[in-house]
Asks: 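One structure follows; several queries about it will come next.
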Amino acid sequence: MGYALNIRKCIGCRRCVHACVAENNQSRGTRPGEKIEWIQVLRMERGMFETEKLDHGYPEGLGIQVGGNAYTPAGQVLEGQFHYNPEAVPEKDATYMPIACMQCEKPPCVKVCPVRTTYREGDGPVVIDYNWCIGCRMCMGACPYWARRINVTTPVLPKAEMNPVTHYLGNRPRMRGVVEKCHWCLQRTRQGRYPACVEVCPVGARKFGNLLDPESEVSKILERKNVFRLKAELNTFPKFFYFYD
Amino acid sequence: MQQLIRFATDYVGYVLKGGAKFYAWMGSLAVLIACMLYVFYLQNTEGLIVTGMTSQIHDGLYFANLVFLVGVAAGAVTIVFPAYVYHHEGMHKVSVLGEMLAITAVIMVMVFVFAHMGRPDRLWHMIPPWGIYSFSAMLGWDVLVLNGYLILNFICGFYYLWCKYTGNPINKKWFIPLVYVAIVWALSIHTVTAFLISTMPSRPMWHHSMMPIRFICTAFAAGPALIILIFMIIRKNTRFWIDDSAIKLLSTIVTWCLGIAIFLTLSEVVVELYARTEHANGLYYLMFGLHGLTGLVPWFWSAVVLMIGAFILFLTPAVRNDVKRLPIPCAMAFAGIWIEKGMGLIVPGFIPTPIGEVTEYHPTFVEWLMMLGIWAFGFFILTILLKGAIGILLGDIKFGGQAATAK
Ligand code: SF4
Ligand code: SF4
């Protein structure tokens, strides 16, 4: 399985986040730590250089400059930027970057798990057996994409809101003290359906398919578009690709 | 066999007897332990939500103490090594006390592991044949070497005491090699603990190869500093006399390990802050705060003051040569390293998160209580072990002899 996301198209509406919460029985709740969202949409400032600031820099007042300050940083991920709350999307001064588990081909999270409860399935996704996880949180430390969440308490999941179509390694309700993350909607994709986030995206920024099939949409994107992976230098080989057209 | 039972009963009988001071001490520790049990119960019914840990900062006070205490356990080797390799007279007399400290520290580490886990009820999942042991996981290795170290120290320590008790000569054929193994093993436990966090490129603050040596330096400063403090207490409260030469040597070890540790910290600061890449954000947060969040800044600077202050005091002849004043820099070094290696190393590794979120971690009352309780538990065990050991070393407990009362 493989995933591709068109970052030029994403408008930051976060429908994918909410669809994911509903589909995958994530904990709702209001106390800190109780609310779990696997997908985060990062909001990035559009930065710029300004003429008034041309001779600003540091150190100030010494007549030399080892660094300038003519810019406002662009694309930097700043504090709490996925907690943005705009009146309407897309905002003029921002771009968006959704992020979730990359289903790495060489997942560092799997390597550090002392009980092998998290592993890569044959068809690609990295999964967790919630019944076997001891909650040591080593995998959370090892993941370079902050994809994993810990259930700090019994997940808050009202009966009426539960999605009854479940998968053992996927969206079945979790228990207190274990780690969870995105698994590409195993309960859907193994039945030939799209993940919930792909289905809900209003602008069609999200593409999902079979990397082994040269005719699939993802394969075509890899073949024709400019594609990149996040933190490729860490050799995790994500199967989640970003592209733009 | 009969000897063994006598050993156990004599030992317990000796340890149980004590003055009012002894009972008051043990009693107050027991109260703290009871509190710990209660918060442990709370944590395992309510969940980790009663702690300050979140998905962003998911290792906190417990993990910090765990790392620190592995160092204390390894630090016991600063007694055993001079005793058996350099045949240092004063150290040889007390080397078994170092082993008792190592046993205690490892047990405390394990209790902290229990406190840290999201599902301590499932820890057996790590132990074959019932569970799965993963050779690729550093945590697995850590558990393995820690248990090995516990067993080694238990055997070495209690075999020595047993021989003293029965009056049999020590069988050097296997005892000495085992002591050497334990010495090397001490290095391994702390190295693996350093690897635990330094092998994660996702956390740039930890991802450097200096971690193991820094851990060992700080361990060989904090460990013996604690040992000196304990020795002073022993000298004061029992008839057991610990040679000045032993304390001198230990304080020299503390001084120079502390010096190297300070040097390593300064190197890190220069390397990280000169280039000031995003990878230095964690350190920057620790030293000055980030985006207005400054929760760890006082911690860091107090650690710096404590460590450098202790170092200077250790170098001052008036303090260094005066056994009465020595506890001051020792306590400073111990506290400074506890901060530097605990809260000051573990928590900023998570700030910012790999996707750039800056949040803060404040340990809750539950966490502080749990920590206090576990330390109390540690001192409880340590008191028992040391008291018994000293009793045997003094000859108060002897096979066939009358069990005498300790002061
Ligand atoms: S993104 Fe993180 S959780 Fe997902 S497979 Fe990679 S390392 Fe594991
Ligand atoms: S928290 Fe669970 S999945 Fe993660 S490393 Fe520990 S046991 Fe494995």
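This is a predicted model, so every value here is computed, not measured. Throughout, protein chains are lettered first and strands after them, A, B, ... in sequence-line order, and every chain is numbered starting at 1.
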Asks: Which one wins on heavy-atom pair count under 4.5 Å against chain A: B:T353, B:I127, B:T199, B:L139?
Replies: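 Of the options given, most contacts go to B:L139.
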Asks: I'd like to know whether A:V152 forms a side chain to side chain contact (heavy atoms under 4.5 Å, CB included) with B:E46, so could you lay out the CA-CA distance, the side-chain angles of the two residues, the decisive distance to 0.1 Å, and finally the verdict.
Replies: CA-CA 8 Å; A:V152 286; B:E46 291 289 311; over 6 Å; no
Asks: Would you compute the distance between atom CZ of B:R122 and atom SG of A:C136 and round it to the nearest 0.5 angstrom?
Replies: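 Going from the CZ atom of B:R122 to the SG atom of A:C136 covers 12.0 Å.
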Asks: Taking the side chain as everything from C-beta on, heavy atoms only, tell me whether A:P114 gets closer than 4.5 Å to B:V143.
Replies: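 Side-chain contact under 4.5 Å: no.
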Asks: Using heavy-atom distances under 4.5 Å, tell me whether B:T54 contacts chain A through its side chain, its backbone, both, or neither.
Replies: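 Backbone of B:T54 only, per the 4.5 Å heavy-atom cut-off to chain A.
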Asks: Between A:T153 and B:L48, is there a side-chain heavy-atom distance shorter than 4.5 Å?
Replies: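 Contact flag for B:L48/A:T153 side chains = no.
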Asks: Drop me the distance from A:C143's SG to B:R203's CZ, to the nearest 0.5 angstrom.
Replies: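 The SG atom of A:C143 sits 8.0 Å away from the CZ atom of B:R203.
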Asks: Is it the case that the side chain of A:R137 and the backbone of B:H58 share a donor-acceptor pair, with hydrogens and angles ignored and the cut-off at 3.5 Å?
Replies: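 Answer holds: yes.
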Asks: Side chain, backbone, both or neither: which part of A:I134 has an atom under 4.5 Å from a heavy atom of chain B?
Replies: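 Interface part for A:I134: both.
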Asks: Can you tell me if NZ on A:K35 sees more than 12 non-hydrogen neighbours from other groups inside 6.0 Å?
Replies: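 No, NZ of A:K35 has 12 or fewer neighbouring heavy atoms, counting only those of other groups under 6.0 Å.
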Asks: Hey, could you give me the CD1/CE distance between A:I150 and B:M53, rounded to the nearest 0.5 Å?
Replies: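 Interatomic distance, A:I150 CD1 to B:M53 CE, rounded to 0.5 Å: 9.0 Å.
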Asks: Atom CE of A:M140 and atom CE of B:M200: how far apart are they, to the nearest 0.5 Å?
Replies: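 The CE atom of B:M200 is 11.0 Å from CE of A:M140, to the nearest 0.5 Å.
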Asks: If you count heavy-atom pairs under 4.5 Å with chain B, which of A:E233, A:Q40, A:R31 comes out on top?
Replies: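 Looking at each option in turn, the highest pair count goes to A:R31.
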Asks: Does any part of the side chain of A:V112, heavy atoms only, come nearer than 4.5 Å to the side chain of B:M138, both counted from C-beta?
Replies: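 No, every pair of side-chain atoms sits at 4.5 Å or beyond.
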Asks: State whether the side chain of B:S134 and the backbone N or O of A:V115 hold a donor-acceptor pair below 3.5 Å, judged by distance alone.
Replies: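 No: the side chain of B:S134 does not pair with the backbone of A:V115.
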Asks: Any heavy-atom pair between the side chains of B:L196 and A:M138 that's under 4.5 Å?
Replies: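 Yes; the side chains approach each other to less than 4.5 Å.
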Asks: Can you tell me if OH on B:Y133 sees more than 12 non-hydrogen neighbours from other groups inside 6.0 Å?
Replies: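 Yes, enclosed.
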Asks: Is it the case that over 12 heavy atoms from other parts of the model lie below 6.0 angstrom from the CZ atom of B:F377?
Replies: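 No - once you tally the heavy atoms of other residues, nucleotides and ligands closer than 6.0 Å, there are 12 at most.
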Asks: What do the steps show when you test B:E357 against A:W146 for side chain to side chain contact (heavy atoms under 4.5 Å, CB included), and what is the final call?
Replies: CA-CA 10 Å; B:E357 191 186 1; A:W146 197 62; 4.0 Å; yes
Asks: Rounded to the nearest 0.5 Å, what separates atom CE in B:M126 from atom OG1 in A:T117?
Replies: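 The OG1 atom of A:T117 is 12.5 Å from CE of B:M126, to the nearest 0.5 Å.
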Asks: Taking every non-hydrogen pair under 4.5 Å, which of B:P120, B:A137, B:S55 racks up the most with chain A?
Replies: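 The residue among B:P120, B:A137, B:S55 with the greatest pair count is B:S55.
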Asks: If every non-hydrogen atom of B:F135 is compared with every non-hydrogen atom of A:R116, which pair is closest and at what distance?
Replies: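 The answer is N-NH2, 4.2 Å.
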Asks: What part of B:D142 is in contact with chain A, defined as an atom under 4.5 angstrom from a non-hydrogen atom: side chain, backbone, both or neither?
Replies: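 Neither part, no heavy atoms under 4.5 Å.
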Asks: Working note: B:W124 + A:W132, criterion ring-ring contact (aromatic ring centres under 6.0 Å, His included); need CA distance, chi angles, decisive distance, verdict.
Replies: CA-CA 10 Å; B:W124 59 270; A:W132 192 254; 5.7 Å; yes
Asks: Does B:Y38 have more than 12 heavy atoms from other residues, nucleotides or ligands lying within 6.0 Å of its OH?
Replies: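 At most 12 heavy atoms, drawn from other residues, nucleotides or ligands, come within 6.0 Å of this atom.
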Asks: Name the region of B:T45, side chain, backbone, both or neither, that has any atom closer than 4.5 Å to a heavy atom of chain A.
Replies: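 Looking at B:T45, just its backbone touches chain A.
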Asks: Around atom CE of A:M48, are there more than 12 heavy atoms of other residues, nucleotides or ligands at under 6.0 Å?
Replies: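 Counting other residues, nucleotides and ligands, CE of A:M48 stays at 12 neighbours or fewer.
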Asks: Work out which heavy atom in B:S202 is nearest to a heavy atom in A:A142; give both atom names and the distance.
Replies: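 That would be OG-O, 3.1 Å.
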Asks: Please determine whether the number of non-hydrogen atoms from other residues, nucleotides or ligands lying under 6.0 Å from atom CZ of A:R15 exceeds 12.
Replies: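 Count not over threshold, so no.
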Asks: Between B:S136 and A:K111, what is the shortest heavy-atom contact and its length?
Replies: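 Reported closest heavy-atom pair: OG-O, 3.0 Å.
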Asks: More than 12 heavy atoms of other residues, nucleotides or ligands under 6.0 Å from CZ of B:F365: yes or no?
Replies: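 No, not enclosed.
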Asks: Go through the atoms of A:C113 and report whether side chain, backbone, both or neither lie under 4.5 Å from a heavy atom of chain B.
Replies: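 When you check distances to chain B, only backbone atoms of A:C113 fall under 4.5 Å.
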Asks: Using atom types as modelled and distance alone, determine if a side-chain donor or acceptor of A:K231 lies under 3.5 Å from a backbone N or O of B:P354.
Replies: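 Between the backbone of B:P354 and the side chain of A:K231 there is a qualifying donor-acceptor contact (under 3.5 Å).
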Asks: Using a cut-off of under 4.5 Å on heavy-atom pairs, state which of A:M97, A:R176, A:E34, A:R148 scores highest against chain B.
Replies: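 Most pairs with chain B among the choices: A:R176.
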